[in-house]
There are 2 protein chains.
Amino acid sequence: MSIEKDLFKLKPIAYTTMADQVETHLREYIIKRSIKPGDPIPKETEIAQALGVSRNVVREALSRLRMLGMIESRKKRGMILTQPDVMKGLELIIHPTILDENVRKELFELRLVLEVGLGDLLFRRKSEEHLKKLDAIVEREQKATTQIERIRCEIDFHSTLYDMAGNETLKRFQDILMPVFEYVVEYESKLDHTSVGSVTHADLVKILYGNNSEAYPNAMRKHLMPHLEHL
Amino acid sequence: MSIEKDLFKLKPIAYTTMADQVETHLREYIIKRSIKPGDPIPKETEIAQALGVSRNVVREALSRLRMLGMIESRKKRGMILTQPDVMKGLELIIHPTILDENVRKELFELRLVLEVGLGDLLFRRKSEEHLKKLDAIVEREQKATTQIERIRCEIDFHSTLYDMAGNETLKRFQDILMPVFEYVVEYESKLDHTSVGSVTHADLVKILYGNNSEAYPNAMRKHLMPHLEHL
DNA sequence: TAGCTGATTATGTAATACTTAATGACGGCT
DNA sequence: AGCCGTCATTAAGTATTACATAATCAGCTA
C-alpha cells in the first residue's frame, strides 16, 4: 500500500509536448534577448523552421502567450510583445465554482490579510473625494432597509478602500477575487447571522479622517473579527 | 487632438479569433455543466464538429486550458478536467524583467500589505517548530559577517513567516512574487544603505512568542518602515 | 489463468492549401 | 507634384488530410 503511494509520488512522468517546449523556448527567447513591449518577434513560419517543428505546434504555443496578453498579433504586421496584465492569469483561472472548498477558504483568508495590512497605503493616498465617498456609503448603509442593500453597501465600502489604496494591481487583484469572497460570505452567513464586528464602517471612516495610522490595523481586525473567528 | 485621443479610446476593436471563441465556449461548458475535476470532457473531434470549426482551432483553445492546468489529456483516454493551481496563471506571467517598473513597485507594495496583515494567521497557526526556526534564523543573522549572508537570512525569515501562516495559496503567492521583491530591494538598496527599521527580527519573534496579537501589525509596520517610506 | 497479439481509439504532429486583413508600391489621374 | 485607386505581397487565421504514438480492450493461444 505504501509502495503504491510512493509510486504516485513519482508523478505521472512529466510528459512534455512539442507545444510545451516551444512555449518555454519562446519565453527564454524573450527574456534572454530582453525584448521589450512593442518589439516584434519572429514570424510563425520562421519559428517553426528554426525549431524544426510544424507551424501548427508553434501556433499552439503562441496562442497560449496571446491568451496571457504577452503578445499581440496582427495580420501581415507579424507579432509584437505586449506588456501583460499581471493579474490576467489569475483572472483566467479563478471561478468560484471550479475552485475547491479549501482554496476558496484560503483566498478569503488572503482578503482578510490584505484589508488589515492596507492601512499604510490608505493613509498615504487618501483624498477628500474618497473619504466623502465612504461617508456616503455609510449613510446609505444606515438608511438601508433590506439585507440586499446592506450587502451592496458592504461591498461598496470595501471596494472603495481598495480604490483609495491607489494601487492598480491590488485593486485588480481584489476585483478578481470578489466573486470568490461573495461565495464564501454567503456560505458563512448560513452559520452565524451576519454578526457584525465591534468596529463599524463608520468607526473606520473616522479613523481614516484622522492622522493616527497606528489605529487602523487593529480597528480593521476588530471589524473583521466575525470572519477571523472562522479561521 | 482631443479627437484623436477619443479615437484611441475606441480601442483596437476586440478582434476575436475562433480559438478565443472556442475557449470561452469550453469555459462556459465546464461551468454550466458543473463538471468536476476528474470528469471527462468531449473529444477534440466531437468539439470541433459540434462547434463547426476545425480540429486545429479546438486544439489551440484546449492547449491554453492545459497550460493553466485546467485540463489534462492522455492519448486514448481523452481529456479530463483537473483542479487548477490558482496561482499557476500568475506564475506564468510574472518575470521581473518583463514587468514594467510601476507594476514591480505595486507588487512590492502588495508584499508590505500582506506582511502587516499576516498577524492573525500567524497567531492562530504558530507552532513551537516555526518559532524555533525563526530563533535560529535570527541567531544566524546576528552572527552573519557578509551582506549576502544577511540578505539570505532576511529572505529566510520572511519566508518562514509565510510558512507559519499555514495558507498554501498565500505561500505560493509569496514564492512567485519573491523574485520581483528581490529585484525591487536591490533597487532600493542603492538609495539608502539597507537602513533597518526600529523593530528587528528578534523583536518580532518575541511578539510572536507571546499572546498579544494586537502588537503584531504595528510592530511589523515599524520593521518595514524603511520600505514604507518609499511609497 | 496468464499472457501475447492485434484492432481500436484519441491525442500529438506534420504538411498543404486557402482565406483574410494589412501594408506598400506602382501607376494613372487631375 | 500630389492624390488616389489598384494590385501584389505578406503573415496570420482557418480548414483538411494524413500519419505517429500511446493506451486500452477484446480475443486468441498456450
Side-chain angles (χ1 to χ4, degrees), chain A residues 4 7-8 10-26 29-30 35 37-82 84, chain B residues 4 7-8 10-26 29-30 35 37-82 84:
Chain A
E4 275 181 18
L7 278 177
F8 278 117
L10 288 180
K11 291 240 172 138
I13 298 166
Y15 172 63
T16 65
T17 65
M18 287 289 134
D20 293 331
Q21 294 176 44
V22 172
E23 189 201 331
T24 62
H25 229 94
L26 287 172
Y29 177 88
I30 291 169
I35 300 178
D39 293 349
I41 59 179
K43 322 300 173 197
E44 292 179 353
T45 50
E46 290 173 10
I47 299 172
Q49 207 167 17
L51 301 183
V53 295
S54 84
R55 194 182 145 218
N56 221 324
V57 166
V58 173
R59 279 189 60 80
E60 275 193 34
L62 289 170
S63 183
R64 297 176 179 184
L65 300 186
R66 199 162 32 240
M67 172 182 60
L68 294 175
M70 295 178 68
I71 61 177
E72 267 179 26
S73 43
R74 299 277 158 81
K75 311 205 186 214
K76 165 93 178 181
R77 264 191 79 179
M79 310 171 40
I80 57 168
L81 207 69
T82 56
Chain B
E4 276 181 17
L7 278 177
F8 279 117
L10 288 181
K11 291 239 171 141
I13 299 167
Y15 171 63
T16 64
T17 66
M18 286 289 136
D20 293 331
Q21 294 176 44
V22 173
E23 188 201 331
T24 61
H25 230 93
L26 287 172
Y29 177 88
I30 291 168
I35 299 177
D39 292 350
I41 60 178
K43 321 301 173 197
E44 291 179 353
T45 50
E46 290 173 10
I47 299 172
Q49 206 167 17
L51 300 183
V53 295
S54 85
R55 195 183 141 218
N56 222 324
V57 166
V58 173
R59 278 188 61 79
E60 274 192 34
L62 290 171
S63 183
R64 297 176 179 184
L65 301 187
R66 199 161 34 239
M67 171 182 60
L68 295 176
M70 296 177 68
I71 62 176
E72 267 180 24
S73 42
R74 300 277 159 81
K75 310 206 186 212
K76 166 91 179 181
R77 264 191 79 180
M79 309 169 44
I80 58 168
L81 207 69
T82 56

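Just so you know, these numbers use all the heavy atoms, side chains as well, and skip hydrogens, waters and symmetry mates. Chain naming here is simple, since letters A, B, ... match the order of the sequence lines and numbering starts at 1 in each.
- When each of D/dA11, D/dG13, C/dT11 is scored by its nearest atom to the side-chain atoms of A/S73, the top-ranked nucleotide is D/dG13.
- For the atom pair CZ of A/R66 and CE of A/M79, the computed distance is 5.5 Å after rounding to the nearest 0.5 Å.
- Considering only the side chain of A/V53, C/dA14 comes nearest among D/dT14, C/dA14, C/dG12.
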For A/T45 and A/R55, run side-chain hydrogen bond (donor to acceptor under 3.5 Å, both in side chains): C-alpha distance rounded to whole Å, both residues' side-chain angles, the deciding distance at 0.1 Å, then the answer.
-> CA-CA 6 Å; A/T45 50; A/R55 194 182 145 218; over 6 Å; no
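- If you measure from atom CD of A/E60 to atom C1' of D/dT14, you get 14 Å, rounded to the nearest angstrom.
- Checked against D/dT24, C/dG12, D/dT9, the side chain of A/K76 finds its nearest nucleotide in D/dT9.
- Here the side chain of B/T82 pairs no donor or acceptor atom with the backbone of B/P37 at under 3.5 angstrom.
- Taking the side chain of B/K75 as heavy atoms from C-beta on, and the options C/dA14, D/dT14, D/dT21, the nearest nucleotide is D/dT21.
- When the C1' atom of C/dA15 is taken as reference, atom CD of A/E44 falls 15 Å away, rounded to whole Å.
- In this structure, the nucleotide among D/dT14, C/dA10, D/dA12 sitting nearest to the side chain of B/S54 is D/dT14.
- Out of C/dT13, D/dG13, D/dA15, the shortest distance to the side chain of A/R55 is found at D/dG13.
- Here C/dT13 presents its C1' atom at 13 Å from CZ of B/R66, a figure rounded to the nearest Å.
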Is there a side-chain contact (heavy atoms from CB on, under 4.5 Å) between A/M67 and B/L68 once you walk through the steps?
-> CA-CA 11 Å; A/M67 172 182 60; B/L68 295 176; 4.0 Å; yes
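- The side chain of A/R77 sits closest to C/dT23 out of C/dT23, D/dA15, D/dA22.
- If you measure from atom NZ of A/K43 to atom P of D/dG13, you get 12 Å, rounded to the nearest angstrom.
- Here the P atom of nucleotide C/dA14 and the CZ atom of A/R59 are 15 Å apart, to the nearest Å.
- Side-chain contact between A/E46 and A/I41: absent, with no pair of heavy atoms (C-beta onward) separated by less than 4.5 Å.
- Each of A/P42 and B/N56 lies near DNA chain D, and the nucleotide nearest A/P42 is the one positioned closer to the 5' end.
- Rounded to whole Å, atom C1' of D/dA11 lies 13 Å from atom CD1 of A/I41.
- Counting to the nearest Å, the P atom of D/dA12 and the CD atom of A/Q49 are 13 Å from each other.
- Following rounding to the nearest Å, B/E23 (CD) and D/dG13 (C1') show an atom-to-atom distance of 16 Å.
- Which of D/dG13, D/dA15, C/dA14 sits closest to the side chain of B/Y15 comes down to D/dG13.
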